[in-house]
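Everything on this sheet refers to the single structure shown next.
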Amino acid sequence: MTTPAKPRSDVPTPDDDTQPYWDAAREGRLLLARCAACGRAHHYPRPFCPFCWSADVAPEEASGQATLYTHSTVYMNDLAPFAERLPYVAAVVELAEGPRLMTNVVDCAPAGLRIGMPLQVAFTPLTDELTAPVFRPAEPLSGGTS
């Protein structure tokens, strides 16, 4: 008799409210929600505004631009599948539209991270069906040096 595989701890379980978010991420688009009643944007997907409690919210594509709000480099984590990713950067980024979200920063050595640095969204597959937004340092402005 085989032992059933443990569920992955890094994979969310989409539901009716979050499925459009995950579908967009798989297409390389980052969604947030905007409230028609108060005009504020929020993240994570939910059927109501966390500021005014209105149910008049709709998905909106984010620009993908963000700044690094805070971060921590993880050097030890024995939980699968995190152990294979060590070290990795767990971070909170602030989207240009205002909301903050938990994510990972990729393509940058931890020593190169600075609070307030510009980031841009990228996407990484978690499974065949689910893709997650991650962030990497923003491309230098035109005329800038690498």
Side-chain angles (χ1 to χ4, degrees), residues 7-146:
R8 284 182 54 184
S9 58
D10 67 325
V11 178
T13 303
D15 59 25
D16 290 343
D17 293 323
T18 63
Q19 192 63 56
Y21 173 83
W22 296 111
D23 290 345
R26 194 173 55 232
E27 297 167 359
R29 299 180 301 118
L30 177 62
L31 293 185
L32 49 80
R34 174 103 33 209
C35 177
C38 72
R40 294 180 72 179
H42 63 270
H43 185 273
Y44 65 88
R46 59 196 129 186
F48 62 90
C49 175
F51 304 107
C52 73
W53 300 99
S54 170
D56 193 5
V57 296
E60 175 181 295
E61 190 167 345
S63 67
Q65 298 173 349
T67 57
L68 184 58
Y69 182 76
T70 191
H71 65 92
S72 180
T73 302
V74 180
Y75 292 98
M76 291 186 72
N77 187 338
D78 60 357
L79 297 174
F82 301 104
E84 303 94 57
R85 300 177 187 165
L86 296 173
Y88 62 89
V89 176
V92 175
V93 301
E94 186 168 304
L95 298 176
E97 294 82 3
R100 294 181 186 147
L101 66 124
M102 284 284 301
T103 187
N104 293 116
V105 176
V106 298
D107 299 337
C108 184
L113 296 172
R114 300 288 179 261
I115 301 302
M117 72 185 292
L119 303 170
Q120 64 188 32
V121 73
F123 295 89
T124 189
L126 298 176
T127 68
D128 289 342
E129 296 82 31
L130 288 173
T131 298
V134 295
F135 285 78
R136 62 173 39 117
E139 297 295 324
L141 298 174
S142 60
T145 59
S146 307

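Model, not experiment: these values are computed from the prediction.
Annotation for V134 and V106: closest pair CG2-CG2, 3.9 Å, computed over non-hydrogen atoms. The two residues L113 and C108 make their nearest non-hydrogen contact at CD2-SG, 3.8 Å. Residues P12 and L126 come closest through the heavy atom pair CD-CD1, 3.9 Å.
Residues P45 and L31 fail the side-chain proximity criterion, which asks for heavy atoms closer than 4.5 Å. With a 4.5 Å cut-off on side-chain heavy atoms, R29 and V121 do not count as touching. At a threshold of 4.5 Å between non-hydrogen side-chain atoms, the residues Y21 and L32 do not count as touching.
Every residue two or more places apart in sequence or in another chain was checked for a ring pair (Phe, Tyr, Trp, His ring centres under 6.0 Å) with F123, and none qualifies. Not counting sequence neighbours, D56 has no partner by the salt bridge (charged side-chain N to carboxylate O under 4.0 Å, His left out) test. Partners of Y44 according to the ring pair (Phe, Tyr, Trp, His ring centres under 6.0 Å) rule, which considers only residues two or more places apart in sequence or in another chain, do not exist here. With sequence neighbours left out, P110 forms a side chain to side chain contact (heavy atoms under 4.5 Å, CB included) with T73, Y75, V89. With sequence neighbours left out, the side-chain hydrogen bond (donor to acceptor under 3.5 Å, both in side chains) criterion links T18 to D15. Annotation: side-chain hydrogen bond (donor to acceptor under 3.5 Å, both in side chains) contacts of Q19 (sequence neighbours excluded): D23. Residues satisfying the salt bridge (charged side-chain N to carboxylate O under 4.0 Å, His left out) criterion with E129, sequence neighbours excluded, are absent altogether. Judged as a salt bridge (charged side-chain N to carboxylate O under 4.0 Å, His left out), and not counting sequence neighbours, the contacts of R34 are E60. Partners of H42 under the ring pair (Phe, Tyr, Trp, His ring centres under 6.0 Å) rule, at least two apart in sequence or in another chain, do not exist in this structure.
Pairs of residues two or more places apart, or lying in two chains, that qualify as ring pair (Phe, Tyr, Trp, His ring centres under 6.0 Å) and include a residue from residues 46-65 are F48-W53. Here salt bridge (Lys or Arg N to Asp or Glu O under 4.0 Å) pairs that include residues 66-76, with residues two or more places apart or in two chains, number zero. Each side chain to side chain donor-acceptor pair (under 3.5 Å) pair with one or both residues in residues 92-120, not counting sequence neighbours, appears once here: S63-E97, Y69-R100, E94-R100, D107-R136.
Note that OH of Y88 is 15.0 Å distant from NE2 of H71, once rounded to the nearest 0.5 Å. Atoms CZ and CG, on R26 and L130 in that order, are 7.5 Å from each other to the nearest 0.5 Å.
The 12-atom threshold is not exceeded at CZ of R40, counting heavy atoms of other residues, nucleotides or ligands nearer than 6.0 Å.
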